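Step one of this worksheet: look at the structure below.
Everything numeric here is computed off the predicted structure, so don't read it as measured data. Residue numbers start from 1 in every chain, and the chains themselves are labelled A, B, ... in the order their sequence lines are given, proteins ahead of strands.
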4 protein chains.
Amino acid sequence: MSAETPPPDVSPADGASPPRRASAGPHRSKASSEAILDAAEALLAEAGYGGFSIEQVARRAGAGKPTIYRWWPSKAALLLDVYARQKLQLDQDDTGALETDLAALIGGLWRFWRETAAGGAFRSIIAEAQSDPAAMAALNGFMAERRHHIAGAFERAARRGELADDIDLDAVIDIISGYAWSRLLTGRIDDDPAAIAHAARQIARGVVRPGWALT
Amino acid sequence: MSAETPPPDVSPADGASPPRRASAGPHRSKASSEAILDAAEALLAEAGYGGFSIEQVARRAGAGKPTIYRWWPSKAALLLDVYARQKLQLDQDDTGALETDLAALIGGLWRFWRETAAGGAFRSIIAEAQSDPAAMAALNGFMAERRHHIAGAFERAARRGELADDIDLDAVIDIISGYAWSRLLTGRIDDDPAAIAHAARQIARGVVRPGWALT
Amino acid sequence: MSAETPPPDVSPADGASPPRRASAGPHRSKASSEAILDAAEALLAEAGYGGFSIEQVARRAGAGKPTIYRWWPSKAALLLDVYARQKLQLDQDDTGALETDLAALIGGLWRFWRETAAGGAFRSIIAEAQSDPAAMAALNGFMAERRHHIAGAFERAARRGELADDIDLDAVIDIISGYAWSRLLTGRIDDDPAAIAHAARQIARGVVRPGWALT
Amino acid sequence: MSAETPPPDVSPADGASPPRRASAGPHRSKASSEAILDAAEALLAEAGYGGFSIEQVARRAGAGKPTIYRWWPSKAALLLDVYARQKLQLDQDDTGALETDLAALIGGLWRFWRETAAGGAFRSIIAEAQSDPAAMAALNGFMAERRHHIAGAFERAARRGELADDIDLDAVIDIISGYAWSRLLTGRIDDDPAAIAHAARQIARGVVRPGWALT
DNA sequence: TATTAATCGAGACGGTACGTCATGTCTTGTA
DNA sequence: TACAAGACATGACGTACCGTCTCGATTAATA
C-alpha cells in the first residue's frame, strides 16, 4: 500500500505547528505522508479506534483530506500502513523445543503489540474488517504473513523430529493466531509469562510426537 | 440488559406499514421492543455491521429514537439483545470422547452463528468493543458464558479419566474460543467437518493423558 | 457504538457565544431559523456573494448544516428568504403623472436595495440563477411580483387617460425592470435623482399619448 | 469564486486523448491557448456556468492548471476571452428609422448570444462579476463597448433629425442594455420578432421628436 | 371518575465525520 | 523559459448518524 518514488525532501523547519508543506511536484510528498502516518499513529494511541477519523488525522497532520484520500482509499488502508510501519522484529531464536519457541513467538508478538502502535492498529483493522470488505482482504493477507512466521517454528520442530506425522498445520496456525487475536481483542495481552507458557504447552502437546520428551 | 416486567401486550403489531403503536401507558411496550429487535435483526442481516445504525433501526421499527435509547443505552447493548434473543441450544450430547465433543461444540456454534443473526451480531459486538468499553465488558461476560459451555465437555472428559493432570483449563478455553472467533472474524465459519475435526484433534491431543486411546 | 468523540458542549447558555438551541419538538424552531437568516444577512453584508457559504452561515448562526439544508434546499433558497425578510415598502403615492411615478418607483426600489440586505441578496440570486434552475424559477417569480408593482403606476396613468392606446405593457415592464437590474448588477444604484429622472422620462415618453402635456 | 452547483462531471480526458503539446520554448504557445479557449467554450456549452471550472478546462484542454493561471488570472478573464473570440458582427445596416434600427440591434445581439458561446459566456461573466471585482470592471468595459454600438444608431437618427432635443443618451443606452441583459439573465432571448419590435417601439417613442412620422 | 405520570411516535436540534470537488500555489522534468 | 502533469493545503459541498430534546397523543394506575 502507498508505494511511491520518494523524492528528496527539502521541507524546512517542520515542527510544532503545521508547516504548510507545499507540493513537491508531481510526486508524492514524503514529508506529507510521514506527517500523516505520524498523526494517525498518535491519534490512535491517544483516542483509540473510536476517536480515529480521517478528519482528525488531517487536522493533526496539517494535511488536506484529499491528500489522505489520494493515497489511502479508506480508513483501513491508513491503519494498515500505521501497522506496517512498526517494524516487527520477532526474535526467531531457536529455543530448542517447539513449546518454548511458541511461547517466545506469542510473547514477542504481544510485546510488539503492547509497546508500539501496532496493537491498537491491528485491533482497529479487525474491527474495520467487519464492515469493510477491503479491510477483510487485507486482514487475510496478514494471516498469510503470520502463517509464515509461525511456520518457521514448526519447520525447526520438524527438523528435530519433534512433530507427529499427522498434524494439520493449517489448523494449528489458526489455533495459535486465534489465541493471540482473541486476547488482543479482549484487552488481555498482558505480560504474563506463565499464562503464555501454559497456552504454548497445551498447543505444543497437541502436536508433538507421542513419547517425545518435553523439557 | 434491558430487564423489565413485560406487561400483557394487546397491540396487533402487524407487519405491513409502520403500525403506529400507541403508548402502553407508563410501562414498556413489549410490541415496541420486539419491533425494534426484529428491525435490528433484519437490518443486521441485510446491511451488515456497516449499515447498522440506530437511525435505521428506528426507521424500520417505526419507533422513535428516544425509545431505543431509553432501553438500550448504546448500539452494543442493542446488538447484545439481538444476539441473546437467538436461543443457542448447543447439543451437549456426550459423544464419548473429548475430541469429538469439541468438534461437536465448535460445529454447533458455527452452525448457530451461520444460521441465525447471532453470527453477524457477535462480529458486530466484537467490533464495537474495540471502541466502547461497555461493549468490551459485555464481551468478557460472553467469554465467561462460553467458558461454562466448554467446561462441560472437559468435566465429562475428566470423569472418563481422559485428561492429563496438569492442564490449564483457562488456557485451553482461550484457545478454543480464540479459534472459533478468529474464523468468525475472517469470514470462515464454513461448514467443513474435516477442518473442524482437525482443529478439535489438535486441541484435544494437547490435553489428553499420554497413552489414552483416541478413537 | 462509536459515540467516541464526546459532545463537549454542555451549554452554559451564555449570551455571547452560540446559545445551543435545543430542539423544540417536531416543529421548526423559530429561534434557529431566525438565527440562520440573521447570520446569512450579516455574512452577505460583510463578505458579499463570494464569501457567502452555507458552511459559514451555519458557523455564525451556531446551527448545524443539516438544519439549514432541512429548510433551505439550496443557497438560492436561503438568499431568497433573506431577500423576502426585508419588507419592501415602496411608497406607491400617486405623484400625478406617470413619469414621476416611475421615478419614485425606481428611486424607492434602489433605496430599498441600498439600505437593506436586499440588494446584495438580489444580486446573489441573479448570479445563482445562472447555474441553478430552481433559482431561475424563483427569479421569474420575482419578476411577476415586480410586474404587479409597476403595473399599479400604469393603471393610474390609464385612469388619467395618460397612456397611448397601443402600448405593450409586458415590453414596458421588461424595460423598466431591466434598467433597474442592470444598474444593480453593475454596482450603480447610487442615489442620483437626476439620472433616475432622466431614465423615467425617456421611458414614460415612449408610452404617453401623443400630445399629452408632460409636467 | 462560487462553485455553486456540483459538477456533473462530463468527460475526463475525452476521446481524442490529450495531444501532449510539448513546450514551445520561452514563448507563449498559441496551440495551448487555443486548446484552452476551445475547451472552455465547449465546456461552457455543455455544462453551463455551474459546471465551468478551471480544473475541467485544464483536463479537457490537456493543459496544466498553472498554464491557465499564467495567462488568465481568474475564471472571469478566461470567460472574457471566450466571449471576445466570438466575432460579433452586428449588421449595422441603416433601416431608415431609429425604431427599426433598435429592433435590428437587439435582434442581432440576441441571435449572436443564442447561436454562439457568447450568450453563455456573458451570463457567466455577469454572475462572476457579483463576486469578483475584476470581472465587474471588465463588465463595465463591455458596457462602454456596447454604448458605442448603440450610439451608432442614434447618430444616424440624429442626422435624420429624428431625435428630440433633450434626450439623455446615457439613460437610453442603459435602458436598452438593461432590457437585453435582463432577458438574457432570465433565459428569454428567444427569437420573437414581435416582442423585440414592441420593445424597440416603446424605447424609440420615448426619444423621437414629437410629431415625427413613425413608419 | 378524574388526575397524574410514564411511555409512545415523531422529528428537529447542534454536532462530527464522511468522501468529493474546485481553488490557486508549488515543484519537477521535458523540450 | 514555457510547458504538461499533478501533488499540495484549504475549504465548501451535501449527506448520514450521533445522542438529546421537546412535543402531543395515549394509556394505566392512582386519587
Rounded to the Å, how far apart are C:Arg21 CZ and F:dC23 P?
16 Å

C:Glu55 CD - E:dT16 P separation (whole Å)
11 Å

Between B:Ser53 and C:Tyr69, who's closer to the 5' end of DNA chain F by nearest nucleotide?
C:Tyr69

Ignoring hydrogens and angles, does a donor from either the side chain of C:Lys65 or the base of F:dG14 sit under 3.5 Å from an acceptor on the other?
yes

Could you say whether C:Ser29 or B:Gly64 is positioned toward the 5' end of DNA chain E, judged by the nucleotide with the nearest heavy atom to each?
B:Gly64

Which value, rounded to the nearest 0.5 Å, describes the distance between D:Leu43 atom CG and D:Leu78 atom CG?
9.5 Å

What residues form a side-chain hydrogen bond (donor to acceptor under 3.5 Å, both in side chains) with A:Glu34, not counting sequence neighbours?
none

Rounded to whole Å, the CH2-P distance (C:Trp72 to E:dA12) equals 13 Å

To the nearest Å, how far apart are D:Ile54 CD1 and F:dA5 C1'?
17 Å

Roughly how many Å is it from CD1 in A:Ile36 to P in F:dT10, rounded to a whole number?
12 Å

Side chain of D:Pro66 - closest among F:dA9, E:dA17, F:dG6:
F:dG6

What's the CD1-P distance between B:Ile68 and F:dC17, to the nearest Å?
13 Å

Can you find a side chain N or O atom of D:Trp71 that sits less than 4.0 Å from OP1 or OP2 on F:dC3?
yes

Is any side-chain heavy atom of B:Trp71 closer than 4.5 Å to a side-chain heavy atom of B:Asp81?
no

Verify the contact: side-chain N or O of D:Thr67 to OP1 or OP2 of F:dA4, cut-off strictly under 4.0 Å; return yes or no.
yes

F:dA12, OP1 or OP2 - any side-chain N/O from C:Arg59 closer than 4.0 Å?
yes

Using five pairs at either end of the helix from E:dT1-F:dA31 to E:dA31-F:dT1, determine the angle between the two local helix axes and round it to 10 degrees.
10°

Taking C-beta and beyond as the side chain, do D:Ser124 and C:Gln130 meet within less than 4.5 Å on heavy atoms?
no

On the nucleotide F:dA7, are OP1 or OP2 found under 4.0 Å from the side-chain N or O atoms that A:Arg28 carries?
no

Hey, could you give me the OH/CG distance between C:Tyr49 and C:Leu44, rounded to the nearest 0.5 Å?
10.0 Å

5'-most by nearest nucleotide on DNA chain F - C:Phe52 or C:His27:
C:Phe52

NZ/NE/NH1/NH2 to OD/OE distance under 4.0 Å, B:Glu46 and B:Arg60:
yes

Could you tell me how far apart D:Asp132 (CG) and E:dA22 (C1') are, to the nearest whole angstrom?
16 Å

Could you give the CD-to-C1' distance, from D:Glu34 to F:dC3, as a whole number of Å?
16 Å

According to the salt bridge (charged side-chain N to carboxylate O under 4.0 Å, His left out) rule, which pairs have a member within residues 61-72 of chain B, sequence neighbours left out?
B:Glu55-B:Lys65

Below 4.5 Å, heavy atoms only, C-beta onward: do B:Leu79 and B:Phe52 meet side chain to side chain?
yes

Kindly say if B:Ser32 contacts the phosphate of E:dT7, meaning a side-chain N or O under 4.0 Å from OP1 or OP2.
no

Looking at F:dA2, I'd like to know if its phosphate oxygens (OP1 or OP2) sit under 4.0 Å from a side-chain N or O belonging to D:Arg70.
no

